[in-house]
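Residue numbers run from 1 in the order of the sequence given.
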Amino acid sequence: MPLRNGRRVAAVLAAASLCSLGSATSGEMEAAGVDQYPPLPGLRRVVVLARHGNRAPNPEIQTLCPNYMKTLEGFGVAPAALSRVGMSENEENGLFMRKRYAKFLPDGPYPYDGTFSFFSERVERNVVSTEVFARGMFPLGTGIEGFDPHNPNIIPISTTQDGADVIMNCPRDGPCQRALGKDKKKWEEEHAEKAYKQNKAVIDKVSKACGFELKPGLVYENKTKGLVWALKNVMDGFSFAENEGLDATMGGRISKETIHEFHEAVEVMVQDMNFGKDHQLTYWAGDFIPTVLELARLPLLRPVNKFHLFLNHRELLYAVATLWGINIHFPGSPEGSLPSGSSLVMEVYDEGLRLFFWAPSKPTWELKSQYLKELLPMRYLFADGTMYPTQPEGCGYGKICPVDTLANTFVKWVQRTGTYVDICDVPLEDTYFARGEISLGVMEHWVQPDLPSTARLSKTGHIVRPERLSEEKGATMQAPAALSLVISSVLVGSLSFLLGRWSKKEKPLEQTYLAMA
């Protein structure tokens with residue numbers, strides 16, 4: 001049913017009034033108006049790490065919670081697919097970027113000149129999220145004329161390669177899959193029974209409402225599955241339905257209070273299993289932070305590159321923020337929780353990076369439910385979203401943070417935990433990595449030690465000590481690279497291998513750098 005102009009305006013105004021998430025309490029992030037923190041003069045580049053929007057639950061929900069089926073059907077999309085609200089959230093993020101950087105980014109149709117880069121983790125909902133994000137930045141009517149009467153923009157999107165991802169999803173689709181599996185198994189063995197006993201009362205209520213017993217050692221499709229795996233699938237079903245404007249109570253089978261209690265209990269388990277050990281944050285972050293640092297390093301490679309989007313699951317966003325010491329506490333949400341469709345925006349200046357969070361609008365459940373029932377355009381309920389200034393470790397609140405500071409924070413972390421190469425025992429000959437020259441790349445700019453006057457960089461970019469100058473020139477080693485990643489010709493290929501050589505038990509960092517030349 002078409003939406004009349006008057007009704008559309010009313011919907012947008014309603015959404016705008018609902019954008020505010022309230023005053024921040026102790027520990028919560030402070031919302032800020034766009035005009036309060038406008039882009040500063042001298043902006044060079046914008047890098048965005050975004051999370052996919054709201055979605056339908058995984059197909060496992062049909063077995064783990066049979067009574068959820070009617071709610072599942074209400075999403076109107078396949079299990080695990082991006083939903084109407086999710087599309088609206090990601091599109092709103094793109095619209096926000098278009099508005100905020102209107103004076104920085106070129107106007108008109110999408111320019112196929114490397115100005116923009118849209119890079120998605122390969123799961124379908126992430127690709128679709130990237131598409132609608134791009135649509136927000138390049139709406140219908142702004143594309144080339146003469147192809148389609150609506151003048152759409154056709155935006156190229158790059159994705160990761162199956163099993164070879166070290167940038168976006170290293171522990172689930174890259175060389176750290178075994179390490180992640182080992183850590184999860186260990187957590188289940190050590191903590192699952194205790195967690196189940198502590199929360200048995202609420203788990204039993206959920207089991208009864210769902211029509212399926214959730215317990216340790218449950219069998220799914222003839223395979224024994226972990227407790228947290230099952231509980232998270234059901235928790236997601238409740239959360240996604242509530243955000244979508246659907247009935248999470250399954251017709252009153254379960255109270256909202258019980259759902260809230262269940263969510264709090266399961267969220268603690270999930271966070272502890274995925275991020276309870278420091279080394280887990282390291283492999284979740286993978287090569288992403290070095291990639292961002294390379295994009296922020298001066299002089300900029302290919303200055304024409306002005307905007308880079310990386311769109312992924314929540315885990316990378318959580319790991320990056322945590323490694324940089326950024327507080328994650330959105331008003332009205334549990335600490336550490338990232339709203340669907342949220343993003344970390346990094347503005348690159350000569351002096352460093354200015355970082356802030358962005359979160360989508362929060363229309364009421366009643367409004368979203370009405371729009372679903374009447375098949376009205378959900379996107380009309382999403383206006384600008386809300387931005388939240390951040391304060392990385394060692395930097396001022398809402399201020400530009402020197403790239404050196406961000407780099408050193410990361411360096412200190414991986415010196416203590418080892419890099420994902422160490423943690424995941426990645427062999428040099430592993431097929432996840434491409435063959436290329438070893439170069440200190442981004443990190444020599446910040447942590448290169450004082451070298452003897454006779455030391456120099458080789459043609460391949462190595463630091464060469466005087467006693468090594470006579471060795472064979474052009475020697476090569478294998479180094480990690482994201483095989484399918486093309487970020488506007490800016491690629492950090494070999495950094496991970498170099499970082500992976502660090503170890504708490506080996507030489508000091510500066511000695512290690514010289515020894516590797």
Side-chain angles (χ1 to χ4, degrees), residues 49-53 55 57-60 78-82 90 117-131 133 157-185 187 223 225-226 228-229 232-233 236 270 273-275 277 279-292 308-320 322-323 338 340 419-434 478-487 491-493 495-497 499-500:
L49 174 58
R51 180 191 177 189
H52 65 73
R55 65 175 179 91
N58 292 333
E60 291 84 353
L82 199 68
N90 288 126
S117 172
F118 294 90
F119 185 61
S120 170
E121 197 273 344
R122 69 185 183 91
V123 171
E124 287 183 352
R125 62 178 172 270
N126 288 329
V127 176
V128 174
S129 293
T130 306
E131 289 177 347
F133 189 111
I157 296 173
S158 300
T159 64
T160 55
Q161 180 176 320
D162 182 7
D165 186 0
V166 297
I167 299 288
M168 304 280 268
N169 203 0
C170 186
R172 286 191 298 209
D173 199 24
C176 288
Q177 294 178 59
R178 283 179 292 181
L180 175 63
K182 182 179 178 181
D183 284 340
K184 284 188 172 184
K185 182 179 179 181
W187 191 96
K223 294 182 179 179
K225 304 293 288 189
V228 177
W229 170 87
K232 183 182 183 300
N233 271 293
D236 286 346
V270 172
M273 185 173 69
N274 282 333
F275 307 111
K277 303 296 183 182
H279 74 270
Q280 293 177 283
L281 287 163
T282 303
Y283 63 54
W284 278 111
D287 253 347
F288 182 80
I289 287 178
T291 299
V292 171
H308 293 259
L309 171 67
F310 298 85
L311 201 142
N312 200 2
H313 306 279
R314 72 177 183 92
E315 287 84 359
L316 179 61
L317 185 52
Y318 179 87
V320 169
T322 304
L323 285 176
L338 292 158
S340 59
T419 66
Y420 78 86
V421 175
D422 293 319
I423 297 163
C424 305
D425 195 24
V426 181
L428 296 183
E429 67 275 10
D430 198 303
T431 56
Y432 295 113
F433 302 115
Q478 292 188 3
L483 299 182
S484 64
L485 173 59
V486 179
I487 315 175
L491 182 64
V492 182
L495 176 60
S496 299
F497 168 72
L499 295 178

Could you give the distance from [atom1] ([X]) to [atom2] ([Y]), rounded to the nearest 0.5 Å?
| X | Y | atom1 | atom2 | result |
| --- | --- | --- | --- | --- |
| L311 | N126 | CG | CG | 5.5 Å |
| L323 | T282 | CG | OG1 | 6.0 Å |
| I289 | L49 | CD1 | CG | 10.0 Å |
| I423 | L180 | CD1 | CG | 12.0 Å |
| S340 | R55 | OG | CZ | 10.5 Å |
| F310 | L317 | CZ | CG | 13.0 Å |

Are the side chain of [X] and the backbone N or O of [Y] linked by a donor-acceptor pair below 3.5 Å?
| X | Y | answer |
| --- | --- | --- |
| D236 | P57 | no |
| N312 | R51 | no |
| S120 | V127 | yes |
| D165 | I167 | yes |
| S129 | N90 | no |
| W284 | H279 | no |
| Q177 | P171 | no |
| N233 | W229 | yes |

Among T160, T291, I157, L309, side-chain contact (heavy atoms from CB on, under 4.5 Å) partner for F119: T160
Chi angles and distances behind the side-chain contact (heavy atoms from CB on, under 4.5 Å) call for E60, K232: CA-CA 11 Å; E60 291 84 353; K232 183 182 183 300; over 6 Å; no
Trace of the disulfide bond (SG atoms under 2.5 Å apart) decision for C424 with C176: CA-CA 5 Å; C424 305; C176 288; 1.9 Å; yes
Trace of the side-chain contact (heavy atoms from CB on, under 4.5 Å) decision for T130 with R125: CA-CA 9 Å; T130 306; R125 62 178 172 270; over 6 Å; no
D162, T159, N169 screened by side-chain hydrogen bond (donor to acceptor under 3.5 Å, both in side chains) with R122, the one that passes: D162
Steps toward side-chain contact (heavy atoms from CB on, under 4.5 Å) verdict (D183, Q280): CA-CA 8 Å; D183 284 340; Q280 293 177 283; 3.6 Å; yes
Mutual orientation of the aromatic rings belonging to Y318 and F275 [parallel < 30°, tilted 30-60°, perpendicular > 60°]: tilted
Stepwise salt bridge (Lys or Arg N to Asp or Glu O under 4.0 Å) check, E315 with R172: CA-CA 11 Å; E315 287 84 359; R172 286 191 298 209; 3.0 Å; yes
Stepwise side-chain contact (heavy atoms from CB on, under 4.5 Å) check, W187 with V228: CA-CA 10 Å; W187 191 96; V228 177; 3.3 Å; yes
Heavy-atom check, side chain of P175 versus side chain of C170, under 4.5 Å: yes
